[in-house]
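Read through the structure below, which is laid out as structure tokens, and then see the notes.
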Amino acid sequence: QEGTLVLYTSQPQTDAQQTADAFMAKYPGIKVDWVRDGTPQIMAKFRSELEAGAPQPDVLLIADVVTMEGLKAEGLLLDYADADLTGYPEGLHDEDGAYFSTKLITTGIVYNTAATMIPASWEDLTKPEAQGQIAMPSPLTSGAAMIHTVTLTENLPEGWDFYSALAANGAQAAGGNGGILTAVSGGEKLYGMIVDYMPIREAAKGAPVKFVFPTEGVSAVTEPVAILKSAQNPDNAKLFIDFLLSEEGQQLATSQGYIPARDGVALPEGYPDRSEIKVLSYDAAAALANDQANKDHFAEIFGQ
Amino acid sequence: MTTITLDAVGKSFGDSRALTDISLQFPAGSFTALLGPSGCGKTTLLRLIAGFEQPTMGVVRFEGDVMADGTRMVPPEERNLGIVFQSYALWPHMDVAANVAYPLKGRGFGRAEIERRTAEALAMVSLTGYERRSVDALSGGQRQRVALARCLVTGTMIILLDEPLANLDVHLRAAMLDVFADTHKRTGATIVFVTHDQSEALALADTIVVLDGGRVQQIGTPEKIYGEPANAMVAGFVGRGSLVAASHGFAARGSASSRGKVLVRPHAVRLTETGLPASVLRLRYTGASYETTLVLANGDTLVADLPTRRGIGEEVRVTVDDAWSVPA
Amino acid sequence: MTTITLDAVGKSFGDSRALTDISLQFPAGSFTALLGPSGCGKTTLLRLIAGFEQPTMGVVRFEGDVMADGTRMVPPEERNLGIVFQSYALWPHMDVAANVAYPLKGRGFGRAEIERRTAEALAMVSLTGYERRSVDALSGGQRQRVALARCLVTGTMIILLDEPLANLDVHLRAAMLDVFADTHKRTGATIVFVTHDQSEALALADTIVVLDGGRVQQIGTPEKIYGEPANAMVAGFVGRGSLVAASHGFAARGSASSRGKVLVRPHAVRLTETGLPASVLRLRYTGASYETTLVLANGDTLVADLPTRRGIGEEVRVTVDDAWSVPA
Amino acid sequence: MTKLAGRVTPALLAILVVAILAALPLGRLVVTALVGPSGIDFAPLLARLMRSATQKAIFNTLDTSLFGALLALAIGAPFAFLVALTDMPLRRAQGFLLLLPLMIAPQVTALAYMQLLGPSSALLGTFGLAPAPGTANPLLGRGGIILLYGVQHAPIVFITLRAGLTALPRDYVEAARAAGAKPWRVLLDVIVPLLRPYFLAALALAFVSGVGNLGIPALLGMPANYFTLATLIYQQLAGNGPSVLPQVAMLSLVIAAIAIAGIALQSLGQSKTGFAIARGMPARFALKTWRWPAAIAGLALISIILILPLLALVTTSLVPAYGVRLSLYTVTLDNYAEVLLRQASTTRAFFNSFYLSGLAALILALSAVPVALGLRHLPPRARSGLHGLVDLPYALPGIVLAIACILLFLRPLPLIGSLYNTPWIILVAYLMRFAALALRPVDAALGQIPPQMSEAAAAAGAGSWRRLLTITLPLAAPAAVAGALLVFMSAFNELTVSALLWSNRNETLGVILFSLDEAGLSAQASAIAVVTVLVVVILLLILNRLGSRLPAGVLPWR
Ligand SMILES: Nc1ncnc2c1ncn2[C@@H]1O[C@H](COP(=O)(O)OP(=O)(O)OP(=O)(O)O)[C@@H](O)[C@H]1O
Ligand SMILES: Nc1ncnc2c1ncn2[C@@H]1O[C@H](COP(=O)(O)OP(=O)(O)OP(=O)(O)O)[C@@H](O)[C@H]1O
Ligand SMILES: [Mg+2]
Ligand SMILES: [Mg+2]
């Protein structure tokens, strides 16, 4: 229970700091060296290190599971089969123990309070009132957005036609979630697809936005954590994963404003009851296999 | 034909006064030399006339029109004058011909006309064939001639020259002097000419203005300045004269005073059997003669042009044919 | 004490030849003037000696050590010489004192010593009190003097001067000439002095080298160059002489030839009752006398220094006291 | 002893520096792009070039960078003239203010402008002019990108040109006026051609800055589906499969090719090798009755390009969340408290950014003169080629340069060990990226120092090092300081290079800003931007205080 732990994460700055601090408070002998960046950057950094032959991190904690699945397929992840998974629903984690879900970040609908039509479902976004007023992250730029896209096309009855309808309705797909929030709270767009915690947090501060969990259900990324095969400190890495999955770690997620992955841990303020949130199903392995096809499909529909 | 008038003009740079109370008239068609020691304000005076500096006080007029006073100023480009700078100020991004042709541009001349006039101006300064040269590849004298050609090319009625011949050898200089004299005669332009070389001033100008310490010391014809200097500064500055005590009793023109000084020019000094005793202090060969410095009994020195070489320390006797009582 | 030797030195810029086959020796302690028309290669020759240019051919030696030949070159900073540029090349980011003190830095002098020498050098050029001035705020002549002080300050044994007096008035010039003469006498430095002003050359130098078109025309003492020019170029260039046909029968020194030309100096021309008939063509006032151009019967012109003003066109008779048969 | 040693050594040293700063990272990218498992393979590169998305992005990059550079020239050049050559009132203040846009990160500038013109604009809202909610921002797309390139890069043009203008002696100007030329003709016929090297340097820098900019097209282009090569690369990175690096490297080579094309055009314009300009009293124009109109026009322009967006930033930083209208009830300093007091990383980032960019500026300013001087010993062709090479790392998106740096410096190297996970890798990346900003103005200035200046020093016994230190360096100092300021301010706000290179406790301001932006915390990001501007203004004011002891013309606004 001493030494260092190198953590690469795409969590926001403050969250990353809190996570590292909490872990170090629990294990004062271990020093966490953490680096945070957007998923594209942190992965580019990791890939460059890999290409140069000296990957640095012990643990990756990033937004999307597809990337993890890809790394697993490349054989870069260390299986931690002995992890204690009590209290987690079946199927939430990777079955081989290559990566573990730490929280649920759902994607729903945000709207500006100036909007006349209050959306309740995904279908509402194809209504004429939303014509030219929808912003969404591009799955070409954001891994989480890709998961959302795949989840919706798999679960909505229209499949990809839903996205064609969005495109026809003038939806604009670009950048990541931060930009969507700016666009909707700034009033340039009235509706957006976005992860839950951002608008909920900002609305609490008074921003003119509201978040909706659509009736059809929401997609979710699970912010998976994984140990790398190349890890220099695999034991500390395991301790870190145990910590994140523990009740204590999950309460930390709540306090940061996220839906904890573990059952029985209360949701943060501003969220409906857990039972009201319907999370749609998602098959990471299949998504990885179809990744390029999905991207091409999306690019075709949105002319990118 | 443009008369230039300066009326009680003064110019200060911050605290330091470059010119004080200058009242001058340069009549239309006149050829005036500004003469004076380094730093006396010659360039500054020229720049005031050209319009590059605004007088701190006083008025500059061209032909009665106010060009500048303490508040207003007609910009140089509207004064229609030609100027040659001490630094030449050739534009390095233009070749020789383009430099010379520049003042013609924008005056409605056709291309052929511009070329003709440029060629003419270059011929005047013996630089035909240098048209396409870069000005960076010219010798010092060649540059000066390009600057001269640029100033002459438009035939303006006011020509200002700031030591235009400083870097030329005697022969080019003589040739340039002729160019000026010709230009002056042909165009009747009012020429103001800054120089530190009095032989230039004496030879060329019809009027000489002697400046010192930012003030006018004397204005007059070359003969007057040389022969009858108004004060000791002019007497000492123009010509290689010697100022000696009046008490030697040399026959002197002007208002004699036994307590003042008299000016003796070298050519007025002869060695005779009967003159005042003197001894040879220094010699300098000038080609035509030996410029010999003699010491009189009371310690005064006297410069003489002697045809033969004398030994240093040799005892001689001198007679002075002509002298001028310098006003105190 | 350093002898400078040039051995068959040539210099071309691209296709154009600036200097051809120059073999010269500047003995240790000599004071040589380079004289010649603008563009003849004087500055180039000086730059070769200083080490700013590499000779295209030939060898430059200081005291027997090869400084430069076609392949190698000792850089200027190792040649230990002082130089004054035609363009002054003062450093605008330093004030006057810093400019002058610069060559003293890095030679192991103490601060007080540097200050003392700087003050001394400034005093020599009459610029005491200008220490803290920016060089951009100096007049042309003041700048030249700063450059001069900078070159004199270290007391190097080779001093190269490129027209160091071009922008000074006669008096400063005379004072500077004295500074050079003194420096020369005191230090015994080898001085090479470019000038276009022959009176400077005649007065100062112990040897004069006349250049034209990049070639040496004559080497000799001032008396020799003035009195016995080696060819028509030198005869025409040095002094205000007139070249007239030998057939006039003026008594001439040198190897006479009836088909050649003889050189007549102005001071050797007198108006007499019995001389050759001539008429007055042109007059120029020089202060001491009137430089008068006379036309002889065959159209040859003769310049004379006459004490009185003659009318243009007036008929006179001239006698020539001295003349020199110019070798063809 | 030999002439060779004197000329070749500086040239070789300069080439070595250029090789390390520019050829090394670029070469590493070439390897990554072209060397596949089966040796060198051009097929993937060609395939990528054939894609219409790539071609469209190439066109967009050229289009926006070129017009952006021209706009920057149109804004920066008049200011440079007015500040350096006229008696316009308040010209120092104006010169000072015009530097500020460079200090605001492109992302933040873009954000500020979008706020300014968007439906939530406090300013437009006050006058009832704000667009209705749901109106697309007018800045989105090509026009907005060009506009912001112009604004963002105008200071580069201003600083570069001003360095040249202060060295312009008055005689050249006066000779032209005496020849009858009106001031504007003097400008066109004499000043502009004399300063052509500076103009070309300014234009090249502005162009290359546009090519390498990610922040502005990311905010203004991507939402409108308008891609430049930089944003295309960014999107590519998001794909993050195993093949992402070669693909990114390939696109980077395309960017490099564009930058080379732009630079080649520049050297075409530079027909001659340049000419020396004599020194003398600097030129000055009297504006007379136009003094105040000029000053007011200048201030108006400055208000539009600086004050208004800055006000928008301030407004945003004072509300609890982006989109909230500023009012007496909503105003709060919470964002400042959050970033400055509650997050230790922000103060650390200020410090890190300050010393890393300060060090980079110092090193580059000091070495720019010897390097530029060394390159001057080379034939003109080779010289402009090497200068072009130095521009390339500046033209690449920062993230690509960062990847190259990781590839180069992760493994321990002889002598220096591994730079990775130390601040020094950021410093090295800064040196690579911003060398062009320091070198361009200095090279332009060196070309105009008369050779006699150095010759006179040689004759005074000064060897080449002393000449460099005492003559050439001070004479080139205004340009070097201008370059240093450009480097400092660009690096201080840089986000994309350090994003991949920072390590724990070595975060830079850009990293913090980016993370806030990404999390949609625009209000906090605005607070940081405002503080940044304040900090830099204070730094500049301190410099201004010291300014009286610096040689004339060194500080760009003095
Ligand atoms: N812009 C200026 N600022 C301050 N002082 C100046 C300025 N211009 C000239 N002076 C000073 O004013 C005085 C007159 O200078 P000016 O250039 O007119 O002299 P000058 O007679 O032309 O001398 P020279 O024959 O040496 O060229 C000098 O003492 C000079 O130093
Ligand atoms: N760097 C150069 N490139 C090309 N030609 C040059 C260069 N320097 C000098 N020249 C030419 O070489 C010749 C000699 O020039 P130099 O400067 O030595 O003349 P100079 O005798 O000093 O003339 P001046 O008395 O006018 O200064 C001139 O024709 C000049 O144009
Ligand atoms: Mg002057
Ligand atoms: Mg010369």
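Note that the coordinates shown come from a computational prediction; the quantities given were computed from them, not determined experimentally.
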inquiry  = With rounding to the nearest 0.5 angstrom, report the CH2 to CZ distance, D:Trp502 to A:Arg36.
reply    = 7.0 Å
message = For the CD atom on A:Glu129, are there more than 12 heavy atoms of other groups (residues, nucleotides or ligands in this structure) within a distance under 6.0 Å?
response = yes
Where A:Phe302 and D:Asn225 come nearest, the two heavy atoms and their spacing = O-ND2, 3.4 Å
request  = Any chance you could measure A:Asp37, atom CG, to D:Leu501, atom CG, to the nearest 0.5 Å?
outcome  = 10.0 Å
remark   = Looking only at A:Val195, A:Val35, A:Ile194, the option with the highest number of non-hydrogen pairs under 4.5 Å against chain D is A:Val35
note = Sorted by chain and number, sequence neighbours left out, side-chain contact (heavy atoms from CB on, under 4.5 Å) with A:Lys31 holds for A:Thr4, A:Asp33
message = If I measure from the heavy atoms of chain D, does A:Ala114 come under 4.5 Å with its side chain, its backbone, both, or neither?
response = side chain
query = How long is the span from the CD atom in A:Glu188 to the CG atom in D:Leu117, to the nearest 0.5 Å?
reply = 9.5 Å
query = Looking at A:Ala203, A:Gly178, A:Ser185, which has the largest count of heavy-atom pairs under 4.5 Å with chain D?
reply = A:Ser185
ask   = What option among A:Gln292, A:Gln56, A:Lys189, A:Met146 has the most heavy-atom pairs under 4.5 Å with chain D?
value = A:Gln56
query = With respect to D:Tyr322, which candidate in A:Leu181, A:Val184, A:Val209, A:Thr182 satisfies the side chain to side chain contact (heavy atoms under 4.5 Å, CB included) definition?
reply = A:Thr182
key: A:Lys205, NZ atom: more than 12 neighbouring heavy atoms under 6.0 Å   = yes
A:Glu202 portion near chain D, given a 4.5 angstrom heavy-atom threshold = both
ask   = How long is the gap from CZ on A:Arg201 to CG on D:Leu521, to the nearest 0.5 Å?
value = 4.5 Å
remark   = Here the gap from A:Arg47 atom CZ to D:Leu407 atom CG, rounded to the nearest 0.5 Å, amounts to 13.0 Å
query = If you count heavy-atom pairs under 4.5 Å with chain D, which of A:Ala183, A:Ala54, A:Gly70, A:Pro12 comes out on top?
reply = A:Ala54
